[in-house]
Asks: 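Here's a structure for you.
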Amino acid sequence: MNDELRRNMPLFPIGIVTKLTELTPRQIRYYEQQGLISPERTKGNQRLFSFNDVDRLLQIKSYLEKGINIAGIREMLKQSQQVLEAKQEAETVKKELSERDLRRMLKQQIIHPNKRGQIPLNHGELSRFFRH
DNA sequence: TTTCTTACA
DNA sequence: TGTAAGAA
């Protein structure tokens, strides 16, 4: 969960990226202009690319070699991004459901505490709550 | 030295 | 997309 943060860290100047991807600076700048990548900038206005940027450039390169145009690639990236957003949304929903279950169980404890003051949960409820 | 922007015999 | 020029 911390990996994404690292993968998005602005790390390499364009010179390194040209060696990593075998793309020319001209091509890389053009792809940025076309909205395919959005590298950060230093205070001196120099581009800094992240691991994700490099990966994306490699994807762009392979798509181009397969004959897909810029517009097509823009759509591909757009869709793959939507897939990621959908997955994140699914995770969010799961967590919200878990919290709702927790509130329900705590409410049960308050309304129907047992003699020993233990949380009235059985094994099934616990495993269901802590799953994931 | 490297990178940036802009322009095009 | 390549390349040149001038600035940072």
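Throughout, a chain's letter reflects where its sequence line sits, starting with A, and its residues are numbered from 1. On a predicted model such as this, the values are computed, not experimentally measured, just so you know.
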Asks: Can you see whether D53(A) engages S50(A) through a side-chain donor-acceptor pair at a distance of less than 3.5 angstrom?
Replies: yes

Asks: Between atom CG in N45(A) and atom P in dT5(B), what is the gap in whole Å?
Replies: 5 Å

Asks: In terms of the nearest nucleotide of DNA chain C, which residue is placed more toward the 5' end: Q46(A) or T24(A)?
Replies: T24(A)

Asks: Rounding to a whole Å, what distance do you find between Q27(A):CD and dT3(B):P?
Replies: 16 Å

Asks: Reckon R26(A) has a side-chain N or O less than 4.0 Å from the OP1 or OP2 of dT5(B)?
Replies: no

Asks: Between dG2(C) atom C1' and R29(A) atom CZ, what is the distance in whole Å?
Replies: 12 Å

Asks: Let me confirm one number: the OG1-CZ distance from T21(A) to F12(A), rounded to the nearest 0.5 Å.
Replies: 11.0 Å

Asks: Inspect the contact between R6(A) and D3(A) and indicate whether a charged nitrogen and a carboxylate oxygen are less than 4.0 angstrom apart.
Replies: yes

Asks: For the pair made of CD in Q34(A) and P in dT1(C), what is the distance, rounded to whole Å?
Replies: 10 Å

Asks: Between atom CD in Q33(A) and atom P in dT5(B), what is the gap in whole Å?
Replies: 9 Å

Asks: Could you walk me through whether E85(A) and Q81(A) pass the side chain to side chain donor-acceptor pair (under 3.5 Å) check?
Replies: CA-CA 6 Å; E85(A) 289 177 349; Q81(A) 181 192 314; 2.9 Å; yes

Asks: Taking CG from L48(A) and C1' from dT3(B), how many angstroms apart are they, rounded to a whole number?
Replies: 11 Å

Asks: Strictly below 4.0 Å: does Y30(A) bring a side-chain N or O up to OP1 or OP2 of dC4(B)?
Replies: no

Asks: To the nearest Å, give me how far apart CD (E65(A)) and C1' (dT1(C)) are.
Replies: 15 Å

Asks: Would you kindly give the CZ-to-P distance between R41(A) and dT2(B), to the nearest whole Å?
Replies: 19 Å

Asks: Which pair of non-hydrogen atoms, one from I37(A) and one from I28(A), has the smallest distance, and what is that distance?
Replies: CD1-O, 3.9 Å

Asks: Starting from the 5' end of DNA chain C, give me the residue, L64(A) or G44(A), whose nearest nucleotide shows up first.
Replies: L64(A)

Asks: Going by purine N1 to pyrimidine N3 plus the second Watson-Crick contact, or the G-U wobble pair, all under 3.5 Å, which nucleotide sits opposite dT1(C)?
Replies: none

Asks: Contact class for P25(A) vs. all strands (heavy atom < 4.0 Å): base, sugar-phosphate, or nothing?
Replies: nothing

Asks: For a quick check of understanding: with a heavy-atom distance under 4.0 Å over all strands, which category does R47(A) fall into, base, sugar-phosphate or nothing?
Replies: sugar-phosphate

Asks: Which is true for G15(A) with a 4.0 Å heavy-atom rule: it touches a base, it touches only sugar-phosphate, or it touches nothing?
Replies: sugar-phosphate

